[in-house]
Amino acid sequence: MSDSVVAIEGVEKQYGTAETPVCVLKGVDLQIPRGDFAAVVGASGSGKTTLMNILGCLDRPTRGTYRLEGEDVSRLSDAALSRVRNRRIGFVFQSFNLIAQLTVVENVEVPLFYARVPRRERRRRVEALLEAVGLSHRLHHHPTQLSGGECQRVAVARALVNEPVLLLADEPTGNLDSHNGAEVMKLFHLLHGQGRTIVLVTHNPEIAAALPRVIEMRDGSILRDHAKTTVAAAGGA
Amino acid sequence: MQISALPEVFVLGLSNLRRNMLRSLLTMLGMIFGVGSVIAMLSVGAGARHAILERIGQLGIQNIIVNSVKPPQEKKSQGMEENWIDRYGLTFDDEAMLREVCPTIERVFPVNLVRKPVWFGSSRVDASVLGVTPEHLEMFRLRVGRGRAFTELDAQSDAKVCVVRKSLVRELGVLRDPLGLTLRIGGYSFEVIGVLEDEQFESHTRKALALDDRAHEVYVPYSTSMRTFGIATFVQRAGSEERSVVELDQLIVMAASPDLVYTTARILSAALARAHPRKDYEIVIPLELLEQSEKTQAVFNVVMVLIAAISLVVGGIGIANIMLATITERTREIGVRRALGATRSDITVQFLTETAAIGLIGGIFGCAFGFAVLRILVAFTGWTAIVEPHYFAISLVISAGVAVLSGIYPARRAARLDPITSLRYE
């Protein structure tokens with residue numbers, strides 16, 4: 001499957017010392033094709049956060065390989081991983097993680113800054129993107145002046161600004177009320193509709209149910225990988 | 001990190017510093033004191049060096065000054081010694097002898113020094129009247145402001161002319177142009193032909209030249225002085241009378257070159273020691289005074305350097321301390337930046353730029369502070385201070401350097417933070 005954005009084989013992750021290792025991931029295999037929109041669900045401690053960290057190149061697997069668009073990134077150096085995160089992955093966090101000292105525009109600019117995009121070009125792209133998420137009236141506000149929903153939209157814009165191949169969202173609606181949560185989910189569905197590849201961690205069964213694919217984790221392995229299209233096809237047959 | 005991104009990182013650093021204005025200022029305080037003392041140190045040091053050169057250089061580093069001094073009183077038997085004339089000091093024979101035994105002597109200038117009252121009308125001022133050779137004034141950098149110095153011709157004709165200080169004229173209450181004025185010196189009339197610019201000798205210099213602190217100097221030709229005042233002195237005090245004869249009050253011996261000063265002085269001292277067992281002379285070597293002063297100055301400089309260094313080190317520790325606190329405070333921001341693609345060196349550069357900004361701004365304030373302190377110092381102590389523009393450049397480089405050095409450890413620590421843990425840091 002060469003068109004897989006993510007191809008993980010036998011990934012294990014251990015923490016702790018060599019004598020008393022704590023196994024968080026126990027041999028995970030996972031393929032995420034381009035344009036997929038998957039939810040990762042599971043109880044806390046099931047390893048979904050660790051899986052997301054590895055998918056986001058924030059962490060390296062102890063064993064196994066991780067191919068991002070066919071390139072093995074499981075043994076890259078710290079600096080190379082930084083580059084991968086910068087150019088190919090977009091993060092959306094539960095608590096937004098906007099930098100309080102920077103304005104909306106500056107926050108969205110951060111990934112472009114580390115990608116060495118010239119200032120003027122940066123401004124142009126950021127402003128266009130913020131307009132697309134409906135925040136062109138908030139460009140020079142600080143995050144503290146925005147509502148939670150607005151903050152998360154800024155964060156989504158920031159995740160998209162470098163045109164990543166993989167968008168990772170860790171409970172993006174966790175800190176939002178239902179209305180704003182629904183708005184943000186609408187945005188994700190819209191992005192999926194545009195062909196983006198999205199992996200989203202959620203505790204909310206309603207949100208998970210609305211996604212085309214649900215990956216259920218338990219005790220460091222994938223318990224069930226459940227794609228609706230397949231189900232629908234099976235049902236149709 | 002590309003160089004082109006540095007200005008932007010710098011601006012970001014500045015805005016971070018502005019956000020915590022008070023804290024940044026407190027952090028800079030150590031730098032400000034450090035740089036202030038560097039500026040003060042350099043300027044006072046340069047000023048002092050200049051002053052020493054000026055002060056002792058005035059005596060001429062090639063010169064050796066030999067003064068006649070009254071020997072320590074021997075126990076006098078009463079009665080018959082009452083009328084004795086006290087004869088001491090250098091003699092004309094000494095002068096000839098010195099020239100002969102010491103080939104490294106270039107020239108010898110005699111000085112006849114008498115203390116006489118100077119009268120103008122009914123005003124009187126005590127003066128040290130120095131009978132000197134025409135070269136003397138120039139040798140001691142005494143600049144004639146008005147009129148002229150005396151010449152060989154004045155000396156040969158025993159002209160009763162004198163060169164005086166402006167302050168003497170002022171004290172005599174003369175308001176009109178002093179040139180051509182006739183003063184009564186020790187009962188003789190002298191015409192004022194020149195007025196010296198009123199730069200008083202420093203106390204060191206006065207001491208070296210055996211000048212009385214309370215009297216004014218009046219310069220007359222040597223030959224005139226010898227002819228008029230002679231070598232004998234009679235001083236009457238209540239109940240006693242002092243009679244003394246000193247042939248040569250002072251000899252200024254000029255060595256052939258500055259390298260030969262110490263050699264000459266040694267020969268001189270040996271020759272005089274044999275001729276004068278009574279120790280009725282003293283030898284002053286300006287070069288030695290200069291070197292001594294420079295040694296004292298060097299001690300002072302070391303102290304100043306230490307003070308500056310300690311302040312800078314303390315300032316650097318303060319910066320490191322605050323940066324460590326800042327990094328703890330901004331752990332989450334660091335995590336976010338790392339997740340968004342910042343490499344370790346990006347983070348290092350970001351924090352180093354911030355410390356450099358602290359150092360630079362602290363340095364600028366420090367320059368202002370140092371300059372202000374210097375002004376106050378100079379106003380209160382009367383020291384000479386020389387401020388040169390490059391001191392400020394040196395100070396800024398030092399302060400930025402110290403700041404960057406003290407920022408290295410915190411910045412590296414920030415860069416080593418694990419992105420995952422820092423993202424979850426509360």
Side-chain angles (χ1 to χ4, degrees), chain A residues 13 15 24 49-50 52-60 76-103 106-120 122 142-143 155 157-162 164 168 170, chain B residues 1-21 23-24 323 325-351 353-354 357 411-426:
Chain A
K13 183 66 192 180
Y15 290 111
V24 188
T49 304
T50 307
M52 288 296 274
N53 285 342
I54 289 175
L55 286 179
C57 292
L58 284 166
D59 208 350
R60 274 172 289 213
L76 291 183
S77 69
D78 186 87
L81 281 180
S82 303
R83 255 181 89 82
V84 171
R85 289 198 294 272
N86 186 233
R87 311 290 161 94
R88 292 152 80 177
I89 290 166
F91 288 98
V92 178
F93 304 95
Q94 178 178 0
S95 49
F96 323 135
N97 274 340
L98 299 177
I99 298 171
Q101 303 94 293
L102 305 182
T103 63
E106 287 165 343
N107 262 290
V108 180
E109 267 185 353
V110 170
L112 292 177
F113 174 74
Y114 290 119
R116 322 282 181 239
V117 175
R119 195 183 169 83
R120 195 167 302 170
R122 248 159 40 201
H142 282 268
R158 183 178 67 181
L160 291 173
V161 75
N162 262 350
L168 297 173
D170 190 357
Chain B
M1 176 66 61
Q2 277 170 333
I3 301 293
S4 59
L6 273 181
E8 216 175 326
V9 178
F10 190 77
V11 171
L12 178 78
L14 285 186
S15 72
N16 273 325
L17 294 183
R18 225 186 31 217
R19 197 155 298 109
N20 277 313
M21 191 80 92
R23 186 207 269 182
S24 308
M323 284 320 282
T326 303
I327 280 155
T328 311
E329 210 170 77
R330 284 161 68 185
T331 299
R332 211 179 167 103
E333 177 195 331
I334 294 164
V336 173
R337 288 183 181 274
R338 291 284 277 135
L340 297 178
T343 58
R344 282 185 178 154
S345 63
D346 285 332
I347 300 292
T348 310
V349 168
Q350 184 190 338
F351 283 98
T353 314
E354 229 162 272
R412 287 181 67 95
R413 208 165 127 149
R416 291 238 182 84
L417 286 174
D418 174 31
I420 299 166
T421 7
S422 7
L423 270 172
R424 308 208 179 288
Y425 186 86
E426 291 300 330

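Quick note on labels: first sequence line is chain A, next is B, and so on, each numbered from 1. Atom set for the values below is all heavy atoms of this structure, side chains included, hydrogens, waters and symmetry mates excluded.
- Applying the 6.0 Å contact sphere to CZ of B/R413 captures no more than 12 heavy atoms from other residues, nucleotides or ligands.
- With hydrogens and angles disregarded, a donor-acceptor distance shorter than 3.5 Å links the side chain of A/N86 to the backbone of B/L340.
- Interface remark: A/L102 contributes side-chain atoms only to the contact with chain B (heavy atom separation under 4.5 Å).
- With a threshold of 4.5 angstrom between heavy atoms, A/N53 approaches chain B through side-chain atoms but not through N, CA, C or O.
- Only the side chain of B/R19 comes within contact range of chain A, with at least one heavy atom under 4.5 Å from a heavy atom of that chain.
- Using a 4.5 Å heavy-atom cutoff, the side chains of A/Q101 and B/S15 are not in contact.
- One finds the CD1 atom of B/I420 at 10.0 Å from the OG1 atom of A/T49 (value rounded to the nearest 0.5 Å).
- Looking at B/L12, the atoms closer than 4.5 Å to chain A (heavy atoms on both sides) all sit in the side chain, from C-beta outward.
- Nearest heavy-atom pair, B/L423 versus A/N97, reported as atom, atom and distance to 0.1 Å: CD2-ND2, 3.4 Å.
- Residues A/S95 and B/R332 bring a donor and an acceptor atom of their side chains to less than 3.5 Å of each other.
- Formation of a donor-acceptor pair under 3.5 Å by the A/R83 side chain with backbone atoms of B/G341 is not found in this model.
- Within the 4.5 angstrom heavy-atom criterion, atoms from both the backbone and the side chain of A/L58 approach chain B.
- Nearest heavy atoms, B/R338 versus A/S82: NH1-OG, 3.2 Å.
- Nearest heavy-atom pair across B/A342 and A/Y114 is CB-CZ, 3.4 Å.
- With a 4.5 Å cut-off on non-hydrogen atoms, B/R337 touches chain A through its backbone and its side chain both.
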Exercise. Could you please spell out the steps behind the side chain to side chain contact (heavy atoms under 4.5 Å, CB included) verdict for B/E333 and A/L98?
Key: CA-CA 8 Å; B/E333 177 195 331; A/L98 299 177; over 6 Å; no
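- Heavy-atom distances place no part of B/R18 under 4.5 Å from chain A, backbone and side chain included.
- In this structure, A/F91 and B/A339 approach most closely via the heavy-atom pair CE1-O, 3.3 Å.
- Within the 4.5 angstrom heavy-atom criterion, only side-chain atoms of A/R158, from C-beta onward, approach chain B.
- Between A/D78 and B/R416 there is no salt bridge, since none of the side-chain N atoms of the basic residue sits less than 4.0 Å from a carboxylate O of the acidic one.
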